[in-house]
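A short write-up of the structure that comes next.
Along the sequence shown, the residues carry numbers beginning at 1. Not measured: the values here are computed from a predicted model. Remember, it's 1-based here, ligands and their atoms both numbered in the order they're listed.
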Amino acid sequence: MKLIFKLLSSVLFILAFVYAGKAQVMIAPAGVAPKVQQIDKKVMADKVKAEFLHAWNGYRKYAWGYDALQPLSKKPHNWYKKSLLMTPVDAFDTMILMDLTDEANEAKELIFKDLDFDVDMDVQNFEVSIRIFGGLLSAYELDGDRRFLSLAEDLAQRLMKAFDSPTGMPYRYVNLKTGKTSGAVSNPAEIGTYLIEYGTLSKHTGNPVYYNTAMKAMTALYALRSPKNLTAEGINIETGTVTNPVSHISGCIDSYLEYMLKGSLLFNDSQLSAMWIPTIDAVNRYLSDNSPDGLWYGRSDMYTGERTGTSYGALDAFFAGTLAMNSDMGRAVALQNSNYRMWMLKGIEPEMMNYKTMTVENGSYILRPENFEGAYYLYQYTQDERYLEMGKSMFDNLVKYCRTDDAYAALKDVTTKEKQDYMESFFFAETLKYAFLLFDESGKLNFHKVIFNTEAHPYRRG
Ligand code: DMJ
């Protein structure tokens with residue numbers, strides 16, 4: 001079986017090579033060039049786990065009970081006036097998967113003691129949904145304690161007020177206590193990234209209202225596509241009009257595309273599959289850029305389909321996994337090669353670069369996960385050890401450039417490697433989880449039996 005996978009992946013790689021019209025690749029295909037290094041998966045999984053603990057202990061020591069740690073000043077930080085325990089909630093399922101039982105129990109105790117959503121504060125619907133609501137749901141599925149589900153439902157009922165708009169598409173901000181909304185000018189990611197969480201809540205509570213609310217927003221958004229089936233970056237959710245006609249797969253649109261496919265798979269929803277087929281066709285037709293250097297995805301006008309920009313960045317890297325999930329292994333393999341090339345441009349990936357000139361446009365690195373996510377998905381689908389090599393090189397550089405004495409820090413600039421005083425909760429939820437799962441052989445999580453939300457919180461399929 002393993003041999004068949006290997007053969008298949010080599011064929012796929014060659015197909016991707018031909019498909020992308022490549023003159024060069026960053027990682028040699030298996031069987032064509034000698035392997036650079038033999039990866040010991042156990043050693044790597046333990047290493048990722050040790051680095052998780054290093055960062056977690058920094059949070060624990062200097063920011064316990066707050067949303068996040070500022071790793072350079074060693075000061076705690078809250079997003080709003082009261083902590084929503086962003087880091088512990090986001091990190092909890094990673095601790096379960098890493099068998100960090102004591103740490104998970106301590107976080108669980110903190111969550112049940114302190115997490116309270118009845119607070120008069122405006123929160124960003126999207127971020128709180130994917131991190132807190134999403135984290136509580138996977139905590140419930142993995143741990144089984146129904147208090148996680150109660151907290152998730154309480155939060156969902158408060159956030160759901162954001163969907164009370166003339167179109168059914170959500171406002172960007174909602175007050176957790178009063179339900180007051182604001183932020184009518186939004187984007188597809190903040191309008192259409194709810195179905196995985198709301199659908200999972202419907203499944204566990206038996207109440208379809210959650211699924212229907214998220215689905216209504218998604219279909220209203222889909223109705224605003226251009227005749228070429230491209231999605232706009234800017235949408236006014238009150239008037240249902242386009243405010244910015246540029247289309248791409250990057251931040252502001254990314255997870256809407258992701259949830260269309262994942263929703264169709266997780267809930268076996270034929271309406272979503274019918275939306276996904278023309279959408280992915282348009283993305284590949286008008287946004288992909290098959291340059292001699294490899295496969296990239298750029299920016300185009302949603303009405304004409306004409307190219308308006310050749311920027312690609314850390315967030316775009318998620319799309320290799322989406323393509324693989326869509327069984328488009330030719331493009332998936334080619335795009336993950338480009339992702340790795342982006343990572344190695346400066347030894348660690350920039351937030352944004354130009355793939356035509358291979359120059360950095362925004363040099364920050366905020367500990368993003370998407371490149372690890374791509375390597376993990378590609379390894380799961382191909383079993384090709386080149387993805388372990390990619391993962392190891394990326395992880396080694398992450399440690400080299402972002403580790404601090406007490407935690408991990410974002411980079412202000414990937415060229416100078418100057419650090420920045422912030423450690424995002426998604427570093428625990430996603431970056432370290434995907435890096436760990438890439439090497440993990442415990443079998444605790446079966447990739448083919450779960451769907452990850454956009455914050456890497458896994459939910460059981462079926
Ligand atoms: C995460 O919060 C989610 O993955 C989101 O969809 C966009 N990216 C960040 C991490 O980079």
Side-chain angles (χ1 to χ4, degrees), residues 55 67-68 79 84-94 123-138 159 170 172 186-198 214 218 221 231 233 248-263 297 312-322 325 339 342-343 348-353 362-377 394 398 402 408-411 414 420 422-435 437 450-459:
D67 281 327
W79 284 36
L84 290 172
L85 301 180
M86 292 281 178
T87 295
V89 175
D90 234 2
F92 181 78
D93 59 10
T94 308
V123 301
Q124 195 179 351
N125 185 24
F126 170 77
E127 295 293 353
V128 172
S129 292
I130 64 171
R131 300 187 199 213
I132 305 296
F133 177 25
L136 290 168
L137 283 174
S138 67
L159 294 174
R172 295 187 64 213
S186 191
N187 56 71
E190 293 191 59
I191 296 167
T193 309
Y194 302 95
L195 194 66
I196 303 299
E197 296 82 1
Y198 279 75
M218 213 157 177
L221 172 58
T231 309
E233 182 186 283
H248 50 78
I249 62 160
S250 198
C252 290
I253 299 183
D254 47 6
S255 46
Y256 163 59
L257 302 173
E258 180 186 345
Y259 272 35
M260 207 186 276
L261 175 63
K262 285 183 171 176
Y297 284 78
Y312 184 94
L315 283 165
D316 302 60
F318 87 99
F319 206 60
T322 304
M325 237 184 324
N339 287 343
M342 170 170 69
W343 187 282
I348 200 150
E349 66 185 4
E351 179 71 6
M352 197 59 80
M353 54 160 239
N362 174 348
S364 65
Y365 172 67
I366 60 165
L367 303 172
R368 289 205 190 277
E370 289 78 5
N371 222 321
F372 288 99
E373 178 183 3
Y376 169 58
Y377 272 66
M394 293 194 293
L398 179 75
C402 300
Y408 270 75
L411 298 183
V414 292
Q420 198 180 334
Y422 204 62
M423 177 171 63
E424 282 278 359
S425 68
F426 58 64
F427 181 59
F428 294 97
E430 300 189 73
T431 314
L432 294 172
K433 183 186 287 142
Y434 285 132
L437 290 175
V450 298
I451 290 284
F452 292 92
N453 88 335
T454 194
E455 188 79 359
H457 297 302
Y459 309 127

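Taking 4.5 Å as the limit, some side-chain heavy atom of Y365 sits within range of a side-chain heavy atom of L398.
Side-chain contact check for N187 and Y256: no donor-acceptor pair (N or O, by modelled atom type) lies under 3.5 Å. Counting only N and O atoms by type, the side chains of T454 and E258 include a donor and acceptor under 3.5 Å apart.
By the 3.5 Å distance cut-off applied to N or O atoms, D254 is not counted among the residues near ligand 1. Inclusion of E258 in the set of residues having an N or O under 3.5 Å from an N or O of ligand 1 is not warranted.
Residue contacts with ligand 1, taken as heavy atom pairs separated by less than 4.0 Å, involve I130 solely via side-chain atoms from C-beta onward.
Closest to atom 3 (C) of ligand 1, if we only count protein heavy atoms, is T454 O, 3.2 Å. For atom 1 (C) of ligand 1, the closest heavy atom belonging to the protein is E430 OE2, 3.0 Å. The protein atom (non-hydrogen) at minimum distance from atom 2 (O) of ligand 1 is E455 OE1, 2.8 Å. Looking at atom 7 (C) of ligand 1, its nearest protein heavy atom turns out to be L315 CD2, 3.8 Å. The nearest protein atom to atom 10 (C) of ligand 1, hydrogens excluded, is given as E370 OE2, 3.3 Å; this is a heavy-atom distance.
Ring pair F133/Y198: centre-to-centre distance below 6.0 Å.
When all heavy atoms of P350 and N362 are compared, the pair lying nearest together is CB-O, 3.5 Å. Between G263 and I196, the shortest heavy-atom distance links the atoms N-CD1, 3.6 Å.
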